[in-house]
Amino acid sequence: MNTTASDGANSNGMSVAAAANAADVVPQKALIQLEGVTKVFETEEVETHALSDVHLTVRPGEWLSIVGPSGSGKTTLLAVLGLLDTASRGTYLLDGKSVLELSPTERALVRNRHIGFIFQSFNLIGDLSVYENVELPLTYRGMPADERKTRVEKALERVGMSHRARHMPGQLSGGQQQRVAVARAVAGDPLILLADEPTGNLDSKNGESVMQLLSELHQGGATLIMVTHDPAQARLGTRMVSLFDGRVVQDERLR
């Protein structure tokens with residue numbers, strides 16, 4: 001009698017269940033791939049290695065926490081990942097494409113379309129309204145007005161700030177300003193969100209609120225890379241990378 005799929009095996013003799021399990025463990029395509037990335041700052045007197053031979057892979061849907069003492073290279077690594085700075089040598093693939101050789105104009109375009117930034121100091125423009133702050137990166141992208149409106153309204157709703165759309169940043173609390181910054185970061189539907197000490201300028205209550213918001217974004221499918229000094233916040237991620245003297249000294253899967 002012929003053996004068919006209904007008998008629990010495929011044409012290679014592997015059970016259907018085993019085949020399904022094998023498919024489950026096939027790794028996703030890397031969203032970020034760093035190979036041998038080194039960043040050297042040079043002056044006439046001294047040469048400082050901020051990053052040394054960093055190898056790092058980030059896959060879609062991960063929440064990567066980057067930790068380490070002051071001066072370990074965390075902010076430099078985030079700047080390289082966000083195309084705010086360039087590596088001295090090494091390879092950086094973003095969604096399978098090399099980005100280290102891009103021109104400044106090309107780098108700015110990639111940042112605008114594919115990377116969302118959440119800064120410790122919020123970086124909102126004081127003479128623009130909440131709505132206009134969130135809309136501005138979409139305007140730079142050349143997005144039509146009706147699509148910008150839809151995206152801004154959706155982003156503000158996601159962070160619970162729709163009722164403050166016409167307010168100015170100076171009329172908001174620190175926690176509210178950071179929520180607007182998060183809305184600005186997610187409105188463009190980026191491949192990845194980069195957060196640099198996102199609660200560093202907030203009190204504990206507002207900090208917890210912002211971390212809850214980031215958790216919700218991650219649960220919704222966002223890929224997040226966050227620099228933090230807070231061990232408890234770091235362990236909210238799915239993975240934690242520790243830096244020391246510009247090198248990755250530990251890469252720990254959290255969940």
Side-chain angles (χ1 to χ4, degrees), residues 24-39 50-68 72-102 106-120 181-182 185-186 188-199 210-211 213-231 233-244 246-255:
D24 287 342
V25 299
V26 173
Q28 291 175 289
K29 175 184 175 182
L31 186 56
I32 283 176
Q33 185 78 49
L34 301 185
E35 296 289 345
V37 165
T38 296
K39 178 62 180 181
L51 296 175
S52 299
D53 194 33
V54 172
H55 297 261
L56 183 67
T57 299
V58 181
R59 302 195 184 279
E62 284 195 290
W63 179 347
L64 177 66
S65 299
I66 300 175
V67 301
S72 61
K74 302 186 301 298
T75 298
T76 301
L77 178 56
L78 207 68
V80 170
L81 291 172
L83 303 184
L84 297 172
D85 203 351
T86 56
S88 302
R89 56 182 175 271
T91 301
Y92 176 11
L93 301 181
L94 176 62
D95 199 27
K97 301 178 180 63
S98 179
V99 295
L100 289 184
E101 300 80 16
L102 298 178
E106 291 169 331
R107 291 164 63 83
L109 182 62
V110 172
R111 281 198 306 270
N112 180 270
R113 292 182 178 273
H114 300 307
I115 302 172
F117 294 93
I118 305 167
F119 299 100
Q120 178 177 343
V182 172
V186 302
D189 193 23
L191 287 173
I192 190 162
L193 291 173
L194 302 181
D196 188 7
E197 296 283 359
T199 66
V210 168
M211 291 308 301
L213 175 59
L214 294 180
S215 295
E216 291 169 1
L217 290 171
H218 174 253
Q219 291 166 9
T223 304
L224 177 64
I225 298 179
M226 179 183 71
V227 164
T228 182
H229 281 97
D230 188 318
Q233 290 183 2
R235 301 198 75 83
L236 294 174
T238 59
R239 187 172 149 217
M240 183 165 60
V241 165
S242 300
L243 296 183
F244 187 79
R247 296 180 180 275
V248 174
V249 294
Q250 185 173 16
D251 190 337
E252 178 184 0
R253 178 70 57 184
L254 300 176
R255 52 188 171 86

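As the structure is a computational prediction, the values presented were derived from the model and not from experiment. Values reported hereafter were calculated over all heavy atoms of this structure, with side chains retained and with hydrogens, waters and symmetry mates removed.
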Engineer: Check whether the side chains of T199 and Q233 place a donor and an acceptor atom closer than 3.5 Å, and report yes or no.
Structural biologist: yes
Engineer: Kindly compute the distance separating CG (D85) from CG (L78), expressed to the nearest 0.5 Å.
Structural biologist: 11.5 Å
Engineer: Considering all heavy atoms of both residues, which atom of P190 and which atom of H114 are nearest to each other, and what is their separation?
Structural biologist: CB-O, 3.5 Å
Engineer: Does the side chain of L102 reach to within under 4.5 Å of the side chain of V110, using non-hydrogen atoms?
Structural biologist: yes
Engineer: Nearest 0.5 Å please: distance from the CZ atom of R107 over to the CG atom of L84.
Structural biologist: 8.0 Å
Engineer: Between A234 and L254, what is the shortest heavy-atom contact and its length?
Structural biologist: O-CD1, 3.6 Å
Engineer: How many angstroms lie between CZ in R253 and CZ in R239, if you round to the nearest 0.5 Å?
Structural biologist: 5.5 Å
Engineer: Within the side chain of K39, is there an N or O that forms a donor-acceptor pair under 3.5 Å with the backbone of S52?
Structural biologist: no
Engineer: Short question: side chain of T228, backbone of E197 - any donor-acceptor pair under 3.5 Å?
Structural biologist: no
Engineer: Which atom names give the shortest non-hydrogen contact between T57 and A30, and what distance separates them?
Structural biologist: CG2-CB, 3.7 Å
Engineer: Of the non-hydrogen atoms in A185 and F117, which two are nearest, and what is the gap between them?
Structural biologist: CB-O, 3.5 Å
Engineer: Any chance you could measure L81, atom CG, to I225, atom CD1, to the nearest 0.5 Å?
Structural biologist: 5.0 Å
Engineer: Could you walk me through whether R111 and E106 satisfy the salt bridge (Lys or Arg N to Asp or Glu O under 4.0 Å) test, starting with their C-alpha distance in whole Å, then the side-chain angles of each, then the deciding distance to 0.1 Å, before giving a yes or no?
Structural biologist: CA-CA 9 Å; R111 281 198 306 270; E106 291 169 331; over 6 Å; no
Engineer: Provide the closest heavy-atom pair for G73 versus L51 in the form atom of the first, atom of the second, distance.
Structural biologist: O-CD2, 3.6 Å
Engineer: Rounded to the nearest 0.5 Å, what separation is found between the CG atom of L93 and the CD1 atom of I32?
Structural biologist: 10.5 Å
Engineer: Mind running side chain to side chain contact (heavy atoms under 4.5 Å, CB included) on S65 and W63 for me, showing each step along the way?
Structural biologist: CA-CA 7 Å; S65 299; W63 179 347; 3.9 Å; yes
Engineer: Going from CD1 on I192 to CG on D95, what distance comes out if it is rounded to the nearest 0.5 angstrom?
Structural biologist: 10.5 Å
Engineer: For T38 and V54: C-alpha separation, side-chain torsions, deciding distance, then whether side chain to side chain contact (heavy atoms under 4.5 Å, CB included) applies.
Structural biologist: CA-CA 7 Å; T38 296; V54 172; over 6 Å; no
Engineer: Side chains of L191 and L31: does their closest heavy-atom pair fall under 4.5 Å?
Structural biologist: yes
Engineer: Would you check if the side chain of H218 reaches a backbone N or O of T223 as a donor-acceptor pair within less than 3.5 Å?
Structural biologist: no
Engineer: Could you tell me whether the side chain of L217 reaches within less than 4.5 Å of the side chain of V186, counting heavy atoms only?
Structural biologist: yes
Engineer: Which atoms form the tightest heavy-atom contact between P198 and I118, and what is the distance?
Structural biologist: CB-CG2, 4.2 Å
Engineer: Under 3.5 Å, is there a donor-acceptor pair between the E62 and T238 side chains?
Structural biologist: no
Engineer: Is there a side chain to side chain contact (heavy atoms under 4.5 Å, CB included) between R247 and L243? Walk through the geometry before answering.
Structural biologist: CA-CA 5 Å; R247 296 180 180 275; L243 296 183; over 6 Å; no
Engineer: Test side chain to side chain contact (heavy atoms under 4.5 Å, CB included) on M211 and L236 and set out the steps.
Structural biologist: CA-CA 9 Å; M211 291 308 301; L236 294 174; 3.7 Å; yes
Engineer: Does the pair E35/R89 count as a salt bridge with the N-to-O cut at 4.0 Å?
Structural biologist: no
Engineer: Can Q33 and T91 be said to form a side-chain hydrogen bond (donor to acceptor under 3.5 Å, both in side chains), step by step?
Structural biologist: CA-CA 8 Å; Q33 185 78 49; T91 301; over 6 Å; no
